[in-house]
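Notes to accompany the following structure.
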Number of protein chains: 2
Amino acid sequence: MIEKLLKSKKLRLTPFRKEVLEVFINEPNAIALGDIEARLKQFDRITLYRTIKSFIENGLIHEIVMPGDIKKLALCPDECSSVNHVHTTQHIHFRCKMCENIFCLDLHEFPEINIPRFKIDSIEIQGTGTCNICS
Amino acid sequence: MIEKLLKSKKLRLTPFRKEVLEVFINEPNAIALGDIEARLKQFDRITLYRTIKSFIENGLIHEIVMPGDIKKLALCPDECSSVNHVHTTQHIHFRCKMCENIFCLDLHEFPEINIPRFKIDSIEIQGTGTCNICS
DNA sequence: ATCACTTATGCAACAATGTTGCATTTTTAT
DNA sequence: ATAAAAATGCAACATTGTTGCATAAGTGAT
């Protein structure tokens with residue numbers, strides 16, 4: 001399953017990549033770089049940076065940033081044919097202020113937004129509040 | 001006007017703060033830290049960091065972050081009673097892929113978003129595309 | 001299985017970005 | 001004018017991310 005995922009993005013199958021991807025697969029929500037590092041036994045910092053960059057560029061994972069130096073990463077859904085920060089699926093990112101988890105949530109109806117004279121290619125929606133568990 | 005703005009947030013009136021705030025007032029769109037530095041004659045890096053942090057904490061400016069290490073700052077609209085990253089006005093942030101400007105745009109109707117069992121306090125919407133000038 | 005080609009890894013060194021502590025100066029309210 | 005509180009400037013440090021390069025490993029064709 002992990003191998004199929006890597007191959008589907010035409011990424012070479014290396015032990016380290018499998019290990020990192022497994023961390024994402026075992027994690028339901030978005031995770032920070034530090035969380036990944038904590039789940040790896042031993043690793044090279046630079047290689048991890050490059051691995052993550054390549055995962056992002058190939059649409060395997062996506063980056064979620066929020067004000068206050070919050071930066072997390074999450075697996076892209078299957079349908080996501082993301083290339084370089086522009087991912088095509090329509091989900092929102094929700095940050096719970098209690099547990100500080102970030103959730104990728106699918107919306108049944110994604111809102112229409114129109115701005116006169118502006119051509120919108122993609123919309124990213126981020127919510128803040130309390131999650132289903134904490135509330 | 002600058003002095004009134006600082007006083008309204010109960011911030012002490014110092015020459016440096018006035019200078020930094022003036023940069024924001026003279027700029028229609030969001031600006032990066034480097035843009036601010038370029039517009040100041042001479043300054044202390046640390047003081048600038050602290051000034052910006054205090055402006056954000058007091059709801060004078062707000063931070064806009066987007067995937068790909070994009071971090072910009074913009075004046076909060078008057079009605080914004082922001083405290084610590086949660087600002088109350090409903091505008092969206094639009095990044096033009098041509099000119100790389102980031103615009104704060106008011107929406108006439110801000111979309112309603114409901115997620116079952118999640119309590120949403122604030123919503124932040126970011127659009128990417130081509131701005132009115134570049135398109 | 002072997003080979004040649006391409007890509008990934010690990011290390012060192014570097015670069016950019018942000019923070020803390022502290023002495024001094026400035027602002028503000030009295 | 002003065003005292004209290006806060007801002008500034010400097011040094012040193014911490015964190016985060018990048019580049020170059022030699023070596024190792026994965027991939028596809030033979």
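Every chain is numbered from 1, with letters handed out A, B, ... down the list of sequences. It should be emphasised that the depicted structure is a prediction, and the values quoted were computed from it without experimental measurement.
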Does some side-chain heavy atom of [Y] sit less than 4.5 Å from a side-chain heavy atom of [X]?
{"X": "B:K53", "Y": "B:Y49", "answer": "no"}
{"X": "B:I64", "Y": "B:I70", "answer": "no"}
{"X": "B:R17", "Y": "B:F55", "answer": "yes"}

Short side-chain N/O contact from B:K10 to OP1 or OP2 of D:dA6, under 4.0 Å: no
Residues two or more places apart in sequence or in another chain: which of them pass salt bridge (Lys or Arg N to Asp or Glu O under 4.0 Å) with B:E100? B:R95
What residues, two or more places apart in sequence or in another chain, satisfy salt bridge (Lys or Arg N to Asp or Glu O under 4.0 Å) together with B:K18? B:E3
Kindly list each side-chain donor-acceptor pair under 3.5 angstrom involving residues 19-36 of chain B, sequence neighbours excluded, with atom names and distances?
from  : atom 1 : to    : atom 2 : distance (Å)
B:N26 : ND2    : B:E22 : O      : 3.3
B:E27 : OE1    : B:R39 : NE     : 3.3
B:D35 : OD2    : B:A32 : N      : 2.8

In terms of the nearest nucleotide of DNA chain C, which residue is placed more toward the 5' end: B:K53 or A:L11? A:L11
Hey, can you pull the residues of residues 29-48 of chain B with a non-hydrogen atom under 4.0 angstrom from DNA chain D? B:D44, B:I46, B:T47
Can you name the residues that form a side-chain contact (heavy atoms from CB on, under 4.5 Å) with [X], not counting sequence neighbours?
{"X": "A:K71", "answer": "A:E63, A:V65, B:D69"}
{"X": "A:P111", "answer": "A:L107, A:I125, B:P111, B:I113"}
{"X": "A:K119", "answer": "A:D121, B:T130"}
{"X": "B:T47", "answer": "B:F16, B:D44, B:T51"}

Could you check how far [atom1] of [X] sits from [atom2] of [N], rounded to whole Å?
{"X": "B:D69", "N": "D:dG17", "atom1": "CG", "atom2": "P", "answer": "7 Å"}
{"X": "A:L13", "N": "D:dA25", "atom1": "CG", "atom2": "C1'", "answer": "12 Å"}
{"X": "B:Y49", "N": "D:dT15", "atom1": "OH", "atom2": "P", "answer": "15 Å"}

Apply ring-ring contact (aromatic ring centres under 6.0 Å, His included) to A:F94 and list each qualifying residue two or more places apart in sequence or on a separate chain. B:F118
Got a sec? Which of residues 14-27 of chain A come in under 4.0 Å of DNA chain C, heavy atoms? A:T14, A:F16, A:R17
Minimal heavy-atom distance between B:E37 and B:F43, with the atoms involved, is CG-CZ, 3.4 Å
Identify the two heavy atoms, one from A:R117 and one from B:S135, that lie closest to each other, and give their separation to 0.1 Å. O-OG, 3.5 Å
Terminal axes of the helix from C:dA1-D:dT30 to C:dT30-D:dA1 (five pairs each): angle between them, nearest 10 degrees: 50°
Classify the nucleic acid contact of B:K7 as base, sugar-phosphate or nothing, counting any heavy atom under 4.0 Å across all strands shown. nothing
On DNA chain C, reading 5' to 3', which nucleotide is the first and which the last to sit with an atom under 4.0 Å from a heavy atom of chain B, could you check? C:dT17 to C:dT28
